[in-house]
Amino acid sequence: MKYTSLEAFLSQSKPALAKGPLAIVFAEDEIELDTTLRHHLNAGFAEVVLLSPDIFDLPAEVEEKIHRIRYDVHAEQALLSAVNRLIEAAPGIWMYYCYNAEYLFFPFCETRNIREMISFQIEERREAFLSYVVDLYADDLSEAPNAVSLERACLDKSGYYALARPDPANHNHPKERQLDFFGGLRWRFEEHIPPAKRKIDRIALFRAKPGLKLRADFTFSDEEYNTYACAWHHNITTAIVSFRTAKALRTNAGSRFDIHNFRWHNSIPFEWHSQQLMDLGLMEPGQWF
């Protein structure tokens with residue numbers, strides 16, 4: 001169903017926000033928009049919401065399964081505004097957000113769905129999942145000038161690291177169970193990436209509650225949401241494999257003509273399977289087996 005605005009969706013489609021989980025997709029362009037929506041429909045989300053301009057085309061069989069909202073995704077703080085408005089409107093509902101050409105993976109997602117994983121996380125008394133945004137890129141930019149190729153996608157097998165996250169309210173001592181994660185294209189081509197955009201961690205799957213706010217660095221106002229694990233053992237983490245950084249580096253005039261290839265000695269083909277991400281240490285099953 002189509003809606004003329006986010007407010008129209010909130011007023012006309014209350015049943016869509018009654019149960020969850022809800023996937024929210026922001027379409028910055030049309031690249032792999034169809035596959036992004038199909039991927040998250042297949043993952044088991046009860047509802048999928050697309051925020052995009054009207055001009056983007058979608059197959060009818062996909063459009064009939066989603067809620068399509070006219071939205072200016074390039075407005076200032078567009079994502080923050082929309083996610084926080086949805087949090088306010090649907091407390092208690094599990095939500096996930098991403099951009100087009102981004103795909104959520106979680107442990108054993110080939111045989112289990114997102115609802116099963118959330119149920120386990122609730123038993124663990126956790127209300128959020130840490131996600132690593134893992135950069136994907138085409139292996140040959142001469143054949144895929146926009147750096148996007150599902151069939152020939154690559155990722156970095158190493159080069160990821162974490163730093164303590166300082167707490168300005170506590171003399172910059174490290175925050176408990178919080179780290180800033182780096183790696184991928186944002187690390188290898190950091191001269192083209194603003195410092196505030198270099199992190200690859202994102203709290204993308206979470207439970208909405210009154211007063212909760214998403215912040216510009218993809219963390220939340222409730223600090224426990226930003227932790228990678230509970231205090232007593234490891235928890236599940238997820239991965240968002242994403243062409244977004246590669247697309248941006250190939251689109252922006254300041255970087256396009258400086259980058260002729262994203263491949264390096266640590267590039268490997270992406271197998272589109274959760275086991276590969278777990279083997280590389282980019283996803284953690286925690287106590288879920």
Practice item. Taking the six-membered ring for Trp and the full ring for Phe, Tyr or His, determine whether the centres of Phe129 and Trp94 are under 6.0 Å apart. Key: yes

Study note, to complete from the structure: Residue pairs meeting salt bridge (Lys or Arg N to Asp or Glu O under 4.0 Å), one or both in residues 272-289, sequence neighbours left out, come to none

Check your understanding: Ion pair present between Glu47 and Lys19, side-chain N to carboxylate O less than 4.0 angstrom?
Key -> no

Point to revise | Rounded distance [0.5 Å steps], OG1 in Thr238 versus CD1 in Ile240 | key: 6.0 Å

Practice item. Report yes if the side chains of Ser274 and Met283 come closer than 4.5 Å at any heavy-atom pair, otherwise no. Key: yes

Practice item. Check whether more than 12 heavy atoms from other residues, nucleotides or ligands sit under 6.0 Å from atom CD of Glu76, and answer yes or no. Key: no

Check your understanding: Would a distance-only check, ignoring hydrogens and angles, find a side-chain to backbone donor-acceptor pair under 3.5 Å from Arg250 to Ile259?
Key -> yes

Review point. For Arg70 and Thr4, what are the C-alpha separation, side-chain angles and deciding distance, and is it a side chain to side chain donor-acceptor pair (under 3.5 Å)?
Key: CA-CA 5 Å; Arg70 181 192 300 160; Thr4 57; 5.5 Å; no

Review point. Any side-chain heavy atom of Ile200 within less than 4.5 Å of one from Tyr160?
Key: yes

Practice item. Test side-chain contact (heavy atoms from CB on, under 4.5 Å) on Leu37 and Val25 and set out the steps. Key: CA-CA 8 Å; Leu37 294 168; Val25 178; 4.0 Å; yes

Review point. So, His40 versus Tyr96, ring centres under 6.0 angstrom or not?
Key: yes

Point to revise | Note: Asp201-Arg165 ion pair, threshold 4.0 Å (strictly below) | key: yes

**Study point:** Main-chain N/O of Pro269 paired with Gln276 side-chain donor or acceptor, under 3.5 Å
**Key:** yes

Check your understanding: Would you call Val73 and Tyr99 a side-chain contact if the rule is heavy atoms closer than 4.5 Å?
Key -> no

Review point. Do Lys213 and Asp222 meet the salt-bridge criterion of a basic N to acidic O distance under 4.0 Å?
Key: no

Check your understanding: Can you check whether Ala101's main-chain N or O pairs, donor with acceptor, with Thr36's side chain at less than 3.5 Å?
Key -> yes

Review point. With a 4.0 Å cut-off, would you call Arg38 and Glu61 a salt bridge?
Key: yes

Review point. More than 12 non-hydrogen atoms from neighbouring residues, nucleotides or ligands closer than 6.0 Å to NE2 on His74, yes or no?
Key: yes

**Study point:** Aromatic Trp288 / basic Arg112 pairing, under 6.0 angstrom, 45° off normal
**Key:** yes

Review point. So, the side chain of Asn266 versus the backbone of Asp156: is there a donor-acceptor pair under 3.5 Å, distance only?
Key: no

Review point. So do Asn100 and Glu32 actually touch side chain to side chain, heavy atoms under 4.5 Å?
Key: no

**Study point:** Main-chain N/O of Ala138 paired with Ser149 side-chain donor or acceptor, under 3.5 Å
**Key:** no

Review point. So, the side chain of Arg115 versus the backbone of Gly44: is there a donor-acceptor pair under 3.5 Å, distance only?
Key: yes

Exercise for review: For His173, look at atom NE2 and say whether over 12 heavy atoms of other residues, nucleotides or ligands are found less than 6.0 Å away.
Suggested key: yes

Review point. Taking Trp272 for the side chain and Leu150 for the main chain, is one N or O donor matched with an acceptor at less than 3.5 Å?
Key: yes

Point to revise | Flag side-chain contact, heavy atom, 4.5 Å: Leu130 against Ile203 | key: yes

Practice item. Would you mind checking if Arg215 and Glu223 are paired as a salt bridge, meaning a charged N to carboxylate O distance below 4.0 Å? Key: yes

Check your understanding: Between CG of Leu205 and CE of Met117, what distance do you get to the nearest 0.5 Å?
Key -> 5.0 Å

Review point. Between the main-chain N or O of Ala128 and the side-chain N or O of Gln121, is there a donor-acceptor pair closer than 3.5 Å?
Key: yes

**Study point:** Side-chain heavy-atom pair Tyr3, Arg68 within 4.5 angstrom cut-off
**Key:** no

Revision key, fill the gap. Separation between OG (Ser267) and CG (Asn261), nearest 0.5 Å, reads 7.5 Å

Check your understanding: Arg188 side chain to Phe262 main-chain N or O, any donor-acceptor pair under 3.5 Å?
Key -> yes

Point to revise | Criterion salt bridge (Lys or Arg N to Asp or Glu O under 4.0 Å) on Arg202 and Glu102, from CA distance to verdict | key: CA-CA 13 Å; Arg202 185 190 299 177; Glu102 294 191 329; 3.0 Å; yes

Practice item. Establish, yes or no, whether a centroid distance under 6.0 Å links the rings of Phe270 and Tyr137. Key: no

Review point. Testing Leu58, Ile69, Ile24 for side-chain contact (heavy atoms from CB on, under 4.5 Å) with Leu50, which one passes?
Key: Leu58

Study note, to complete from the structure: dist Ser131:OG -> Leu282:CG (nearest 0.5 Å) comes out at 12.0 Å

Check your understanding: Under 4.0 Å between a Lys/Arg side-chain N and an Asp/Glu carboxylate O for Asp140 and Arg263?
Key -> no

Review point. How about Glu7 and Arg85: do any of their side-chain heavy atoms sit closer than 4.5 Å?
Key: yes

Practice item. Spell out, as yes or no, whether a donor-acceptor pair under 3.5 Å connects the side chain of Arg198 to the backbone of Ile193. Key: yes

Check your understanding: Should the ring pair Phe206 and Tyr225 be called parallel, tilted or perpendicular, given that the plane angle runs from 0 to 90° and is split at 30 and 60?
Key -> tilted

Check your understanding: About how many Å separate CG of Leu155 and CD of Glu271, when rounded to the nearest 0.5 Å?
Key -> 9.0 Å

Practice item. Run the ring-centre check on His39 versus Phe45 and record whether the distance is less than 6.0 Å. Key: no

**Study point:** Pairwise distance CZ(Arg126) to CD1(Ile236) - rounded to 0.5 angstrom
**Key:** 10.5 Å

